[in-house]
**Q** 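This structure is in structure tokens; I'll ask about it shortly.
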There are 2 protein chains.
Amino acid sequence: MKSAKRAKLRAHGWAVGSAKEFLKLSNAEAALVELRLALSRSLRTWRTEHGLSQVELARQLKSSQSRVAKMEAGDPSVSVDLLVRSLFAVGAKPRDLARTIGQLEDRVAV
Amino acid sequence: MKSAKRAKLRAHGWAVGSAKEFLKLSNAEAALVELRLALSRSLRTWRTEHGLSQVELARQLKSSQSRVAKMEAGDPSVSVDLLVRSLFAVGAKPRDLARTIGQLEDRVAV
DNA sequence: TGCCTATATGTCGGATATGACATATACTGC
DNA sequence: GCAGTATATGTCATATCCGACATATAGGCA
């Protein structure tokens with residue numbers, strides 16, 4: 001939506017866009033979940049390909065085996081922050097992240 | 001490093017890889033900071049291009065003007081999580097994130 | 001079977017992030 | 001100068017996350 005059009009709608013407040021906004025928010029949530037899962041898979045793939053156990057990886061990350069397990073399981077108690085930090089910590093480059101994220105489908109209904 | 005080689009080194013514990021690990025960790029931190037900044041810029045760009053004020057964006061995100069300001073400033077109190085969630089919430093697609101992240105330089109010295 | 005290793009799950013105290021509010025700064029047009 | 005608007009900064013109570021620990025489950029092997 002262009003700014004001119006939006007400027008006209010703005011005065012009407014949330015009532016105008018509520019349904020659309022609702023969809024956007026739930027889509028956003030779905031996208032976040034998928035992102036978390038994609039990063040989870042990346043981390044597990046990296047670990048197994050390097051022949052490490054969760055305990056060993058945890059030591060590298062200065063974390064614990066249980067948290068590594070939760071990271072790899074996409075547990076909701078794990079933030080995208082932690083996943084990204086972990087991937088960087090094991091040597092992943094921004095490019096690698098970009099590739100992983102870019103492979104997610106674009107499900108956003110606008 | 002391949003898993004066979006690593007397996008040999010494993011027994012020696014942290015002493016072997018400490019310097020390398022240190023570099024990796026600080027690189028990881030730097031990468032995270034850059035990522036935060038890149039996402040910050042994306043968010044501000046999106047907002048200004050849509051002719052919204054921080055207050056209006058905050059309402060969309062169910063957040064506050066001050067937090068939006070901090071997001072856009074790359075404030076350390078703002079997590080990557082929140083930035084990503086916000087971008088998704090305004091309709092960004094995984095592809096858009098991927099493009100933003102991919103543009104970061106790969107500074108990791110391995 | 002019992003033992004060992006790897007992974008998963010539940011919980012908890014302390015740490016960090018969040019929204020909200022107050023306030024400050026900056027830039028308009030009057 | 002002074003309103004009005006937009007953005008920045010500081011603080012705080014609450015919410016959420018994190019590492020750690022305990023414990024459970026699963027598979028291999030003697």
**Q** Tell me whether the side-chain N/O atoms of B/Gln54 come closer than 4.0 Å to OP1 or OP2 in D/dA8.
**A**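 Affirmative; the distance criterion is met.
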**Q** Test B/Glu72 against B/Arg47 for salt bridge (charged side-chain N to carboxylate O under 4.0 Å, His left out), laying out the working first.
**A** CA-CA 10 Å; B/Glu72 294 185 350; B/Arg47 180 177 66 80; 2.6 Å; yes
**Q** Calculate the interatomic distance between B/Leu32 atom CG and C/dA17 atom C1'; express it in whole Å.
**A**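 Taking CG of B/Leu32 and C1' of C/dA17, I get 14 Å after rounding.
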**Q** Checking all strands, does A/Ser63 fall into the base, sugar-phosphate, or nothing category for heavy-atom contacts under 4.0 angstrom?
**A**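 Sugar-phosphate: the residue A/Ser63, judged by heavy atoms under 4.0 Å, touches backbone atoms but no base.
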**Q** Does B/Arg67 or B/Val55 map to a spot on DNA chain D nearer the 5' end, using the closest nucleotide for each?
**A**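 By nearest-heavy-atom nucleotide position, the 5'-most residue is B/Val55.
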**Q** Rounded to whole Å, please give me the gap between CD in A/Gln65 and P in C/dA6.
**A**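 These atoms are roughly 10 Å apart.
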**Q** What's the separation between atom CG in B/Asn27 and atom NZ in A/Lys93, rounded to the nearest 0.5 Å?
**A**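 The CG atom of B/Asn27 sits 10.5 Å away from the NZ atom of A/Lys93.
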**Q** Keeping A/Arg36 on the side-chain end and A/Val78 on the backbone end, is there a donor-acceptor pair under 3.5 Å?
**A**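 Side chain of A/Arg36 to backbone of A/Val78, a donor-acceptor pair under 3.5 Å: yes, one is there.
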**Q** Where the side chain of A/Leu82 is concerned, which of C/dA8, D/dG19, D/dT7 is the nearest nucleotide?
**A**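 Nucleotide nearest to A/Leu82's side chain: D/dG19.
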**Q** Are any non-hydrogen side-chain atoms of B/Leu87 and B/Ser42 less than 4.5 angstrom apart?
**A**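 Answer yes - side chains close enough.
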**Q** Output the residues of residues 70-81 of chain B in contact with DNA chain D, where contact means a heavy atom of the residue under 4.0 Å from an atom of the strand; sort by number or write none.
**A**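 Of all residues in residues 70-81 of chain B, the ones placing a heavy atom under 4.0 Å from DNA chain D are B/Lys70.
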**Q** Send over the distance from A/Arg85 CZ to D/dC18 C1', rounded to a whole Å.
**A**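 Rounded to the whole Å, the gap is 9 Å.
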**Q** Atom CG of B/Leu43 to atom C1' of D/dT7: distance rounded to whole Å?
**A**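 It works out to 14 Å between those atoms.
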**Q** Can you find a side chain N or O atom of A/Arg44 that sits less than 4.0 Å from OP1 or OP2 on C/dA8?
**A**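 True: A/Arg44 side-chain N/O within range (under 4.0 Å) of C/dA8 OP1/OP2.
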**Q** State which of D/dT7, C/dT18, D/dT9 makes the closest approach to the side chain of B/Ser66.
**A**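 Within the option list, the nearest is D/dT9.
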**Q** So, does B/Thr100 use its side chain to make a donor-acceptor pair with the main chain of B/Asp96 at under 3.5 Å?
**A**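 Yes.
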**Q** Ignoring hydrogens and angles, tell me if any N or O in the side chain of B/Glu56 forms a donor-acceptor pair with the backbone of B/Ser53 under 3.5 Å.
**A**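 Side chain of B/Glu56 to backbone of B/Ser53, a donor-acceptor pair under 3.5 Å: yes, one is there.
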